[in-house]
> 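Sharing a structure here in structure tokens format.
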Amino acid sequence: MIKTLYVRVVLTFMLALIVGVFAAFSVSGMLFQKEMEEVAFQDLSKLGQDLVRLRAGMPLPQFQQYLLSMHSLDTYQMQIFDSRGQTLLERGIDGRQMLHVEPDRVKRVLTGEQVRIIADNDDSGPIIGLPIDINGERQALFLQMSFGGSNVIGRFIIMVLIVVLAVGSLCFLVAARYIVLPVKKMTVATRRMAKGDFTTELRMKRKDEIGELAASFNYMAKELNQVEKMRQDFVSNVSHEIQSPLTSIFGFAKALKNNVVPEQQRERYLQIIMTESERLSRVSDNLLQLASLESEHHPVNMRAYSLDEQIRKVIVACEPQWQAKSLQMDLQLEAVTIIADEDMLSLVWMNLIGNSMKFTPDNGTITVVLSRQSKGIEVVISDTGIGIPEADLNRVFERFYKADRSRRRDGNGSGLGLAIVNKVMSLHNGTSALASVSGQGTKVTVTLPLIKG
């Protein structure tokens, strides 16, 4: 069994080369033979006409003496028949069988017809028959050219064929390595990648299909490396988000159990345990929501409802939070009916408005504008909060990413809110864009397609 690509490529080429060369040799041989026969017939016809004129002008004995003196005719066989078909003259070639002509062909020439005959023997050349008119009597002249060197030509062609096959095979053995070597490198790189080394890179400057394959491989490796980093970050972030509240809960619960907490501090410790439990619950809920949204079988219940009323209800539900910080809520809501999944979009408004309330200082302002635009329905939520550094803007939609890198305990966010917003927008064929200036505030623009029900 052939196991390597190199051997398969070489054998395939050898087979194709042999078949192609033999096919070309056969076709060219037939064409060459036909061309030689045509040239031979032309030469025979010219020589025959000259011999006919000579025979018509001199007696037979003198013609025989002339033929014997002409050494240029040593490669030709000749026969002359009288009007009754009897042989008058024969001239052969030493060591060869005498020319044999069928009687019916002799009769055809005696009737005045010129005859062409292809010899059955490969070593024998073509034959031509010409009529001779002498003193009112018609005779027949048959002339044959010898192809005595045809075997030499055949052996020469075969030798050339063998040399072409040998040289072509050697050249392809070298060329095949050039073709197969990148594939071997790719195989080694693939095995390294299978072991978890996603930094593998193929360095090739080729512009052919192998080069395109190598470029695709490098792109795949880069993407897998990115996915691996995201996976590691995800595990690290999940561990941090879960471990931090658990550590607090365990520590304060242990202190309360061992009665090492003063009576006046017990209420405060219990409140911390409740706060951390709620934080842990929110992380778990957000993870479940995001996993559900990213599953292929998550149902999307599209129905028509009033989007402005939904946003008002979310603002009212959040009233305790924004009143506690004396925030001013500026609502500019155009009456809009939308066809969408109401529960999913409710997650979007809760996360975006919740972020604005969380990061806007006391007495700040949050503005919510809902309008119908030519490109669809647009919701803009802006605030006068602390803003986001420019270096963080491209990563705020990643899971668990937080611009406040200190991960303050009083920051109740899990870093999953904007990831959920981004996924919901994707499911609704919408977009979400964020613009922010550190220290001045943040503006989030959500655009949804206008679907007519």
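Since we're looking at a predicted model, the values are computed, not measured.
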> Does atom CE of M186 have more than 12 heavy-atom neighbours, drawn from other residues, nucleotides or ligands, at distances under 6.0 Å?
yes
> In Å and rounded to the nearest 0.5 Å, what is the CG to CG distance from L448 to L345?
6.0 Å
> Going by side chain to side chain contact (heavy atoms under 4.5 Å, CB included), T384 matches just one of T360, L327, T367. Which one?
T360
> Determine the minimum heavy-atom distance between L202 and A189, stating which atoms define it.
CD2-CB, 3.9 Å
> How far apart are the closest heavy atoms of G385 and P361, and which atoms are they?
CA-CD, 3.7 Å
> Say you draw a straight line from CG of L352 to CE of M357; how long is it, rounded to the nearest 0.5 Å?
11.0 Å
> Between M193 and M220, does the side-chain contact (heavy atoms from CB on, under 4.5 Å) criterion hold? Intermediate values first, please.
CA-CA 10 Å; M193 189 178 295; M220 179 185 68; 3.9 Å; yes
> For T447, is there any backbone N or O sitting under 3.5 Å from a side-chain donor or acceptor partner on H428?
no
> Decide yes or no for T337 and Y305: does some side-chain heavy atom of the first lie under 4.5 Å from some side-chain heavy atom of the second?
no
> Rounded to the nearest 0.5 Å, what separates atom CG in L270 from atom CD in Q265?
11.0 Å
> Taking the side chain as every heavy atom from C-beta outward, state whether S45 and I128 have any pair of such atoms under 4.5 Å apart.
yes
> For the pair Q77 and F142, evaluate side-chain contact (heavy atoms from CB on, under 4.5 Å) and give the outcome as yes or no after the intermediate values.
CA-CA 8 Å; Q77 294 196 72; F142 285 87; over 6 Å; no
> Any non-hydrogen side-chain atom of V336 less than 4.5 Å from a side-chain atom of S306?
no
> Crowded around Q323 CD? As in, over 12 foreign heavy atoms under 6.0 Å?
yes
> Report yes or no: do Y76 and Q144 form a side-chain donor-acceptor pair below 3.5 Å?
no
> Work out which heavy atom in R266 is nearest to a heavy atom in N259; give both atom names and the distance.
NH1-OD1, 4.0 Å
> Using a cut-off of 6.0 Å, state whether more than 12 heavy atoms not belonging to R372 lie near its atom CZ.
yes
> Any heavy-atom pair between the side chains of L333 and V368 that's under 4.5 Å?
yes
> Counting only heavy atoms not in F250, do more than 12 sit closer than 6.0 Å to its CZ atom?
no
> I117 versus V115: any side-chain heavy-atom pair under 4.5 Å?
yes
> Does the side chain of L307 reach to within under 4.5 Å of the side chain of I377, using non-hydrogen atoms?
yes
> Regarding Q373 and S371, do their side chains bring together a donor and an acceptor under 3.5 Å, going by distance alone?
yes
> For the pair V446 and T431, evaluate side-chain contact (heavy atoms from CB on, under 4.5 Å) and give the outcome as yes or no after the intermediate values.
CA-CA 6 Å; V446 173; T431 60; over 6 Å; no
> Between the side chain of S382 and the main-chain N/O of K443, is any donor-acceptor distance below 3.5 Å?
no
> Considering only heavy atoms from C-beta outward, does the side chain of V380 approach that of E378 to under 4.5 Å?
yes
> Specify the closest pair of heavy atoms between L44 and P126, including all atoms of both residues, with the distance to one decimal.
CD1-O, 3.3 Å
> Rounded at 0.5 Å granularity, tell me how far CE in M329 sits from CG in D383.
10.0 Å
> For the CD1 atom of I386 and the OG1 atom of T442, what is their distance to the nearest 0.5 Å?
8.0 Å
> Just to verify, which of N355, T445, L418, V421 counts as forming a side chain to side chain contact (heavy atoms under 4.5 Å, CB included) with L434?
L418
> Could you give the distance from CD1 (I366) to CD (Q328), rounded to the nearest 0.5 Å?
10.5 Å
> Taking D308 first and then R312, would you say they form a salt bridge - that is, a charged N and a carboxylate O separated by under 4.0 Å?
yes
> E102 and R105: salt bridge (charged side-chain N to carboxylate O under 4.0 Å, His left out), yes or no, with the steps?
CA-CA 5 Å; E102 298 292 335; R105 289 174 176 166; over 6 Å; no
> Taking all atoms of both residues into account, what is the closest heavy-atom pair of S436 and I388, and its distance?
OG-N, 2.7 Å
> Under 6.0 Å from the NZ atom of K325, do we count more than 12 heavy atoms belonging to anything else shown?
yes
> Looking only at heavy atoms, which two atoms of T200 and A221 are closest? And how far apart?
O-CB, 3.6 Å
> Can a donor-acceptor pair be found, under 3.5 Å and without considering hydrogens, that links the side chain of S426 to the backbone of N422?
no
> Is any side-chain heavy atom of P449 closer than 4.5 Å to one of K375?
no
> Kindly indicate, with the supporting measurements, whether the criterion side-chain contact (heavy atoms from CB on, under 4.5 Å) is fulfilled by W349 and I315.
CA-CA 9 Å; W349 316 132; I315 298 294; over 6 Å; no
